[in-house]
Amino acid sequence: MLPLKIGAALMVADLPRYRDWLIEGQRDLEVQDFLRPGVLTGDWRAFVAEAKAWLDGFDGRLGIHGPFYDLPLDTADEEIAPIVARRFVTGVEAAAALGASQMVIHSPFTTWDWFNFGDNPRSGNRPSAFEAKIDRVLALLAPAVARAEAEGVTLVIENIEDIAPGFRGELAARFASDAVRLSIDTGHAHYAHCATGAPPVDYFVTDAGAMLAHVHLQDADGFADRHWPPGRGTVNWHAVFRAIAALPQRPHLVLELRDAGDIPTAMAYLEREGLGR
């Protein structure tokens, strides 16, 4: 039922500014520092400690954004794959130390994949490539998924270049684990819709269905990854929020904006439209 309660994806440095807003509403929060190269190979516990200090009294749903820069989930290189796998295990460890229940990871599916796999990846230009890609991802993430299961953390797979939303759904289902679910980034989906022929954003939501556990809310113009506040771009927010409200569960809903200072602007728009609170 609308309006839906909205939270935010923030760096630890932004927590002092939004601490009271987060705690008063016990809103969804995603701490994003762990996506930065070097954080998980350095003293990531310092970020955990600082975040915990600012979040004393916070009882909302908590997640982190996991690493992704130069960390392909489907790498076929036998020397690189173990390094990537370890990085995601460390990400799960950081999430658990913070008390987070989710970690966002990025989809391995690219625009190139879709144009070669086609609508039916088993009968496209390279029918064996789809299965091979999924097998590589399953193997690489197996240690992280096992650790996530033990720690009570869920990995949520976010769309990036995805054209066919069902590819991610099939990948998540193949893990056969409650520790793997789906994430949607509204701006990424809108880019894919406008630039590469993907379905509209609300179709991504409906396709994910009961597997959808997390949503990055950001507006865009369909040309680039803008991370604007809702209302500034061309995403059909009413369709998106109606699709979310129709789900049997409530995914984490966080504003992921390029400028954290735009959160009040985003909330004013969503409240005015009767979509968020």
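What you see below is based on every heavy atom in this structure, not just the backbone, and it leaves out hydrogens, waters and symmetry mates.
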Participant: Hey, mind stepping through Leu140 and Val84 against side chain to side chain contact (heavy atoms under 4.5 Å, CB included) and telling me if it holds?
Facilitator: CA-CA 8 Å; Leu140 187 144; Val84 178; 3.8 Å; yes

Participant: Applying the side chain to side chain contact (heavy atoms under 4.5 Å, CB included) criterion to His65, which one of Arg36, Glu158, Gln102, Met103 satisfies it?
Facilitator: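 The single option meeting the side chain to side chain contact (heavy atoms under 4.5 Å, CB included) with His65 is Glu158.
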
Participant: Side chains of His216 and Ser183: do they bring a donor and an acceptor to under 3.5 Å?
Facilitator: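 Result is no, nothing qualifies.
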
Participant: Does either side chain, that of Asn116 or that of Asn125, offer a donor lying less than 3.5 Å from an acceptor on the other one?
Facilitator: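 Side-chain D/A pair, Asn116 to Asn125: present.
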
Participant: Between Arg61 and Ala100 (side chain of the first, backbone of the second, donor and acceptor by atom type, cut-off under 3.5 Å), is there such a pair?
Facilitator: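 Not at all, since once roles are kept as given, no pair shorter than 3.5 Å links the two residues.
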
Participant: If only side-chain N and O atoms count, and only distance matters, is there a donor-acceptor pair under 3.5 Å linking Asp221 with Thr234?
Facilitator: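 The answer is no; no qualifying pair exists.
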
Participant: What I want to check is whether the side chains of Gln218 and Asp225 have a donor and an acceptor closer together than 3.5 Å.
Facilitator: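 On atom types as modelled, these side chains qualify, holding a pair under 3.5 Å.
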
Participant: Is a salt bridge present between Lys133 and Asp113, judged by a nitrogen-to-oxygen distance below 4.0 Å?
Facilitator: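 Yes, this pair counts.
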
Participant: Any salt bridge linking Arg277 with Glu271? Criterion: basic side-chain nitrogen under 4.0 Å from a carboxylate oxygen.
Facilitator: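 A salt bridge is absent here (no side-chain N lies under 4.0 Å from a carboxylate O).
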
Participant: I need the Asp70 CG to Ile83 CD1 distance, nearest 0.5 Å.
Facilitator: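 One gets 12.0 Å once the value is rounded to the nearest 0.5 Å.
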
Participant: Considering only heavy atoms from C-beta outward, does the side chain of Glu30 approach that of Val104 to under 4.5 Å?
Facilitator: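 Touching, per the 4.5 Å side-chain cut-off.
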
Participant: Any side-chain heavy atom of Phe117 within less than 4.5 Å of one from Trp114?
Facilitator: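 Side chain of Phe117 against side chain of Trp114, heavy atoms only: no contact under 4.5 Å found.
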
Participant: Between Pro251 and Val215, what is the shortest heavy-atom contact and its length?
Facilitator: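 Shortest heavy-atom separation between Pro251 and Val215 comes out as CG-CG2, 4.1 Å.
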
Participant: Please name all residues satisfying salt bridge (Lys or Arg N to Asp or Glu O under 4.0 Å) with Asp207, sequence neighbours left out, ordered by chain then number.
Facilitator: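 In terms of salt bridge (Lys or Arg N to Asp or Glu O under 4.0 Å), with neighbours along the sequence ignored, Asp207 is linked to no residue.
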
Participant: Is the number of heavy atoms from other residues, nucleotides or ligands within 6.0 Å of OH (Tyr203) greater than 12?
Facilitator: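 It does not: Tyr203 OH has 12 such atoms or fewer within range.
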
Participant: Do Arg19 and Glu24 meet the salt-bridge criterion of a basic N to acidic O distance under 4.0 Å?
Facilitator: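 No, Glu24 and Arg19 are not salt-bridged.
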
Participant: Which ILVMFWY residues are connected to Phe68, directly or by a chain of links, through side-chain heavy atoms under 4.5 Å apart?
Facilitator: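 Listed partners: Leu35, Tyr69.
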
Participant: Can you tell me if Asn236 uses its side chain to pair, donor with acceptor, with the backbone of Ala239 under 3.5 Å?
Facilitator: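 Between the backbone of Ala239 and the side chain of Asn236 there is a qualifying donor-acceptor contact (under 3.5 Å).
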
Participant: Do Arg136 side-chain atoms and Asp74 backbone N/O form a donor-acceptor pair below 3.5 Å?
Facilitator: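 Such a contact is found between Arg136 side chain and Asp74 backbone.
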
Participant: Are the side chains of Lys5 and Asp28 in touch, meaning some heavy atoms are under 4.5 Å apart?
Facilitator: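 Not in contact.
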
Participant: Counting C-beta onward and ignoring hydrogens, is there a side-chain heavy-atom pair between Val235 and Val240 closer than 4.5 Å?
Facilitator: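 With C-beta onward as the side chain, the pair touches.
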
Participant: Looking at Glu131 and Pro121, would you say the former's side chain and the latter's main chain have a donor-acceptor pair under 3.5 Å?
Facilitator: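 No.
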
Participant: Would a hydrophobic clustering, with Ile, Leu, Val, Met, Phe, Trp and Tyr connected at side-chain separations under 4.5 Å, put Val89 with Val48?
Facilitator: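 Not linked; separate clusters.
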
Participant: Are side-chain heavy atoms of Leu4 and Leu275 found at a separation under 4.5 Å?
Facilitator: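 No; the side chains remain at least 4.5 Å from each other.
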
Participant: Rounded to the nearest 0.5 Å, what separates atom CH2 in Trp54 from atom CG in Leu10?
Facilitator: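 Here the rounded value is 13.0 Å.
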
Participant: With clusters defined by side-chain heavy atoms of hydrophobic residues (ILVMFWY) lying less than 4.5 Å apart, directly or transitively, does Phe223 cluster with Val201?
Facilitator: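 The answer is no; the residues belong to distinct hydrophobic clusters.
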
Participant: Roughly how far, to the nearest 0.5 Å, is OG1 of Thr111 from CD1 of Ile163?
Facilitator: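 So the CD1 of Ile163 and the OG1 of Thr111 are separated by 4.5 Å.
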
Participant: Answer yes or no: is there a side-chain heavy-atom contact under 4.5 Å between Phe109 and Arg168?
Facilitator: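 Yes, close enough: below the 4.5 Å cut-off.
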
Participant: Do Val39 and Ile64 sit in one hydrophobic cluster, given that two such residues count as connected whenever their side-chain heavy atoms are within less than 4.5 Å of each other, even indirectly?
Facilitator: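 Yes, because Val39 and Ile64 connect within a single hydrophobic cluster, where side-chain heavy atoms sit under 4.5 Å apart.
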
Participant: Could you check whether Arg232 pairs with Asp219 (Lys NZ or Arg NE/NH1/NH2 to Asp/Glu carboxylate O, under 4.0 Å)?
Facilitator: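 Salt bridge between Arg232 and Asp219, a charged N being under 4.0 Å from a carboxylate O: no.
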
Participant: Test side chain to side chain contact (heavy atoms under 4.5 Å, CB included) on Ile6 and Leu255; report intermediate values, then the result.
Facilitator: CA-CA 7 Å; Ile6 308 300; Leu255 293 163; 3.7 Å; yes

Participant: Rest of the hydrophobic cluster containing Val254 (Ile/Leu/Val/Met/Phe/Trp/Tyr, side-chain heavy atoms under 4.5 Å)?
Facilitator: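 Same cluster as Val254: nobody, lone residue.
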
Participant: Determine whether Asn159 and Ser107 satisfy the following criterion, side chain to side chain donor-acceptor pair (under 3.5 Å), listing intermediate values before the conclusion.
Facilitator: CA-CA 5 Å; Asn159 59 302; Ser107 170; over 6 Å; no

Participant: Could you state the interatomic distance from CH2 (Trp237) to OG1 (Thr186), rounded to the nearest 0.5 Å?
Facilitator: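 So the CH2 of Trp237 and the OG1 of Thr186 are separated by 3.5 Å.
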
Participant: Show your working on side chain to side chain contact (heavy atoms under 4.5 Å, CB included) between Leu141 and Phe175 and close with a plain yes or no.
Facilitator: CA-CA 9 Å; Leu141 281 179; Phe175 283 96; 3.9 Å; yes

Participant: Transitively linked via ILVMFWY side-chain contacts under 4.5 Å: Leu22 with Met11?
Facilitator: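 In one cluster: no.
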
Participant: Are more than 12 heavy atoms from other residues, nucleotides or ligands located less than 6.0 Å from atom CG of Asp77?
Facilitator: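 Counting other residues, nucleotides and ligands, CG of Asp77 exceeds 12 neighbours.
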
Participant: Please answer whether the main-chain N or O of Arg226 pairs with a side-chain N or O of Tyr191 as donor and acceptor at a distance below 3.5 Å.
Facilitator: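 Not confirmed, Tyr191 side chain does not pair with Arg226 backbone.
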
Participant: Are Glu149 and Ser177 linked by a side-chain donor-acceptor pair shorter than 3.5 Å?
Facilitator: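 Present: a donor and an acceptor within the cut-off.
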
Participant: Can you list the steps and then say if Phe88 with Val92 is a side chain to side chain contact (heavy atoms under 4.5 Å, CB included)?
Facilitator: CA-CA 6 Å; Phe88 285 98; Val92 173; 5.8 Å; no

Participant: Are there over 12 heavy-atom neighbours, none belonging to Trp44, within less than 6.0 Å of that residue's CH2?
Facilitator: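 More than 12 heavy atoms, drawn from other residues, nucleotides or ligands, come within 6.0 Å of this atom.
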
Participant: Looking just at side-chain N and O atoms, do Asp259 and Trp228 make a donor-acceptor pair shorter than 3.5 Å?
Facilitator: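 No - no donor-acceptor pair under 3.5 Å links their side chains.
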
Participant: Contact between Phe241 and Asp202 at the side-chain level, heavy atoms closer than 4.5 Å - yes or no?
Facilitator: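 The answer is no, as the side chains (C-beta and beyond) never meet within the 4.5 Å cut-off.
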
Participant: Please report the shortest heavy-atom distance between Val156 and Ala213, naming the atom on each side.
Facilitator: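 Here Val156 and Ala213 meet closest at CG1-CB, 3.8 Å.
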
Participant: What heavy-atom pair brings Ala94 and Leu40 nearest, and what distance separates the two atoms?
Facilitator: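 Smallest interatomic distance, heavy atoms only, reads CB-CD2, 4.0 Å.
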
Participant: For side chain to side chain donor-acceptor pair (under 3.5 Å), just list the numbers for Glu273 and His238, CA-CA rounded to whole Å, side-chain angles, deciding distance to a tenth of an Å, and then say yes or no.
Facilitator: CA-CA 8 Å; Glu273 296 295 316; His238 284 269; 2.7 Å; yes

Participant: How far does NZ of Lys52 sit from CG of Leu55, to the nearest 0.5 angstrom?
Facilitator: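 Answer rounded to 0.5 Å: 10.5 Å.
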
Participant: CG/Leu217 to CG/Leu257 distance, rounded to the nearest 0.5 angstrom?
Facilitator: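 Between Leu217 CG and Leu257 CG, I get 8.5 Å after rounding to 0.5 Å.
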
Participant: Indicate yes or no: at least one non-hydrogen side-chain atom of Glu93 is less than 4.5 angstrom from one of Arg147.
Facilitator: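 Heavy-atom side-chain distance check passes, below 4.5 Å.
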
Participant: Relative to each other, are the rings of His106 and His188 parallel, tilted or perpendicular (30° and 60° limits)?
Facilitator: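 His106 and His188: perpendicular rings.
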
Participant: Treat each ILVMFWY residue as a node, draw an edge where side-chain heavy atoms are under 4.5 Å apart, and state whether Phe167 and Leu73 are in one component.
Facilitator: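 Yes.
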
Participant: Tell me, yes or no, whether the heavy-atom count around Asp43 atom CG, taken from other residues, nucleotides or ligands under 6.0 Å, exceeds 12.
Facilitator: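 Enclosed: over 12 neighbouring heavy atoms sit under 6.0 Å from CG of Asp43.
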
